[in-house]
There are 2 protein chains.
Amino acid sequence: MRTSKYQSIFQHIRDKILNGDIPANTYLPSESELQQQFNASRDTIRKALDLLLQNGYIQKEKGKGSLVLDTDKISFPISGVMSFKELKETMHEDVITHVHKFVKYPVTPRMKKELGMDEGDVYEVVRIREIDGKKVIIDTDYLNAQVIPGLTKEHAANSLYEYIEGTLGLKVSFAKKEIVVVPASEEEKELLDMYEYDLLVCVKSYTYLEDATLFQYTESKHRPDKFRFVDFARRTV
Amino acid sequence: MRTSKYQSIFQHIRDKILNGDIPANTYLPSESELQQQFNASRDTIRKALDLLLQNGYIQKEKGKGSLVLDTDKISFPISGVMSFKELKETMHEDVITHVHKFVKYPVTPRMKKELGMDEGDVYEVVRIREIDGKKVIIDTDYLNAQVIPGLTKEHAANSLYEYIEGTLGLKVSFAKKEIVVVPASEEEKELLDMYEYDLLVCVKSYTYLEDATLFQYTESKHRPDKFRFVDFARRTV
DNA sequence: GAGTGGTCTAGACCACCAT
DNA sequence: TGGTGGTCTAGACCACTCT
């Protein structure tokens with residue numbers, strides 16, 4: 001099977017919630033009802049419900065049932081590992097990408113550290129994102145050329161992840177991210193439509209493949225008024 | 001049982017990883033070995049491993065095993081639902097909390113919306129956090145007084161969560177958060193040691209109990225140079 | 001008491017990795 | 001080929017909520 005049973009049950013229920021077929025503040029069918037409905041074991045149903053739980057679609061209440069949460073109040077989580085192209089598709093805004101720089105060179109001391117490499121080449125890709133006619137984001141990607149070979153400027157103009165996951169068949173698995181605020185350099189001020197701002201919100205990400213290979217380090221700098229990060233978190237003891 | 005078996009196995013392995021007893025870039029014992037070690041079924045072991053996976057401690061590799069990831073590279077996630085007091089304890093820094101305002105009043109139209117209330121009272125608590133001798137954070141909490149009764153200024157000076165979870169016995173379950181950058185008002189500039197900054201990083205959170213009751217809306221405003229948010233994210237298809 | 005979710009167990013088959 | 005994790009099933013007992 002390409003996608004597992006519990007994955008497809010998760011998607012099925014999630015879509016119903018998103019479409020409003022199952023309204024917020026109502027309860028899902030009980031686990032035993034879902035077993036019959038999807039002809040699955042309880043464990044399989046529970047795995048699907050766990051995904052809904054982790055992603056903030058439902059809240060389970062002992063002795064009562066699975067309550068559907070308001071999802072439209074909060075527009076969609078930017079947390080998680082998403083490429084800019086995927087993000088764009090959920091935003092429905094006018095976005096243009098300019099590839100400002102595309103180079104390949106032997107790894108520098110700093111990138112040895114950031115990418116955990118010993119030797120080899122690094123691609124550096126600088127892209128400027130124009131949203132609604134304003135240049136508001138600079139993305140700088142550093143990629144390990146041994147892991148991601150054959151990258152071209154055309155891939156950068158389209159989507160790095162489409163090349164990595166589609167063409168190369170690699171699987172992006174997880175990322176560590178850090179958000180800080182940094183002063184804008186003179187060059188950055190020239191590249192972006194900055195108005196009077198002197199600061200940029202910088203999202204640094206380290207992205208890993210399924211086999212835990214670190215292949216990408218990214219700094220995404222956003223004009224402060226155009227930055228927004230949404231998160232859903234559960235308390236774990 | 002107070003804590004479940006898989007929870008305690010999770011904590012046991014997590015502590016070993018954090019202590020360095022199980023070094024990064026080595027593999028955990030296999031699931032069947034762990035079954036014997038902890039005298040548990042495979043499902044129980046897998047639940048414990050799932051928690052390690054979700055929290056970024058390990059990466060599972062089909063046919064190979066569970067690889068321990070570098071956790072010290074990234075200092076601890078501020079994502080998740082944590083009270084400021086808990087956060088402080090992980091930071092080991094000098095922190096002083098000043099309760100600047102503590103009032104109770106009938107719900108306003110804006111808080112009706114933010115807290116989803118029809119009627120009743122709201123506590124408003126404004127606290128200033130002084131770190132290493134500098135006032136750098138303003139936390140403004142709005143709490144539904146019907147859900148959290150009997151709050152006092154003393155609780156605010158200590159820890160709201162300690163009162164809510166300890167004294168009242170309620171369970172904080174999940175939160176929706178949003179991070180944006182906002183201009184600092186004149187009042188905020190006076191309350192904080194702002195230097196030349198005109199902007200504040202604002203973390204808005206909506207916090208819910210186990211039964212999905214929204215009880216708190218918080219705006220936490222940070223001086224830009226003192227703000228840092230760390231996140232771990234897995235790609236979910 | 002009946003129904004709900006939470007935990008734990010045991011067994012089975014598969015896909016993937018190493019050798 | 002033998003070991004690893006990924007999925008699925010079936011059955012059991014418990015704690016909690018509602019009426």
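So you know, we letter chains A, B, ... as the sequences are listed, proteins then strands, and number each from 1. Just so we're clear, the structure is a prediction, and the values are computed from it rather than from any experiment. Below, each value reflects all heavy atoms present in this structure, side chains not excepted, and no hydrogens, waters or symmetry copies.
At whole-Å resolution of the value, CD in B:Glu31 and C1' in C:dC16 are 14 Å apart. If you measure from atom CD1 of B:Ile45 to atom P of D:dT4, you get 13 Å, rounded to the nearest angstrom. The NZ atom of A:Lys47 sits 15 Å away from the P atom of C:dT7 (whole-angstrom rounding). To the nearest angstrom, C1' of C:dC16 lies 7 Å from NZ of B:Lys62. Whole-Å rounding puts the B:Gln59 CD to D:dT4 P distance at 18 Å. Between the C1' atom of C:dG6 and the CD atom of B:Gln7 lies a distance of 12 Å, rounded to the nearest Å. With rounding to whole Å, A:Phe38 atom CZ is found 13 Å from D:dT9 atom P. Rounded to an integer number of Å, the gap from CG of A:Asp50 to P of C:dT7 is 10 Å.
Nearest to the side-chain atoms of B:Ser30 among the listed nucleotides C:dT9, D:dG5, C:dT4 stands D:dG5.
Base pairing in DNA chain D yields stems of at least 3 consecutive Watson-Crick or G-U pairs, both distances under 3.5 Å, namely C:1-18 with D:1-18.
Contact check, B:Ser41 against C:dA10: no side-chain N or O comes under 4.0 Å of OP1 or OP2. Of the side-chain N and O atoms in B:Ser4, none sit less than 4.0 angstrom from OP1 or OP2 of C:dG6. In this structure, B:Tyr6 does not reach the C:dC8 phosphate: none of its side-chain N or O atoms is under 4.0 Å from OP1 or OP2. Listed pair B:Ser32 / D:dT4 meets the phosphate criterion, a side-chain N or O lying under 4.0 Å from OP1 or OP2. Proximity of B:Lys5 to the phosphate of C:dT9: a side-chain N or O atom is located under 4.0 Å from OP1 or OP2. For B:Arg46 and D:dG6, the shortest distance from a side-chain N or O to OP1 or OP2 is below 4.0 Å. Of the side-chain N and O atoms in B:Lys60, one or more sit less than 4.0 angstrom from OP1 or OP2 of D:dG6.
Between A:Asp43 and A:Ser66, the one whose closest nucleotide on DNA chain C sits nearer the 5' end is A:Ser66. When the nearest nucleotides of DNA chain D are assigned to A:Lys64 and B:Arg42 by heavy-atom distance, the more 5′-ward of the two goes with B:Arg42.
With sequence neighbours excluded, no residue forms a side-chain hydrogen bond (donor to acceptor under 3.5 Å, both in side chains) with A:Ser205. For B:Glu124, the side-chain contact (heavy atoms from CB on, under 4.5 Å) criterion is met by B:Lys101, B:Val103, B:Tyr105, B:Val126, B:Thr140, B:Tyr142, not counting sequence neighbours.
Counted within 6.0 Å of CG on A:Asp21, heavy atoms from surrounding residues, nucleotides or ligands total more than 12; the atom is thus considered enclosed. No more than 12 heavy atoms of other residues, nucleotides or ligands sit less than 6.0 Å from atom CG of B:Asp118.
For the atom pair NE2 (A:His155) and OG1 (A:Thr167), the distance works out to 5.5 Å, reported to the nearest 0.5 Å. Rounded to the nearest 0.5 Å, atoms NZ (B:Lys47) and CG (B:Leu51) are 10.0 Å apart. In this structure, CG on A:Asp211 lies 8.5 Å from CD on B:Gln59, to the nearest 0.5 angstrom.
Here B:Asn39 lies in heavy-atom contact (under 4.0 Å) with sugar-phosphate atoms only.
Residues A:Ala156 and A:Val99 come closest through the heavy atom pair C-CG2, 4.0 Å.
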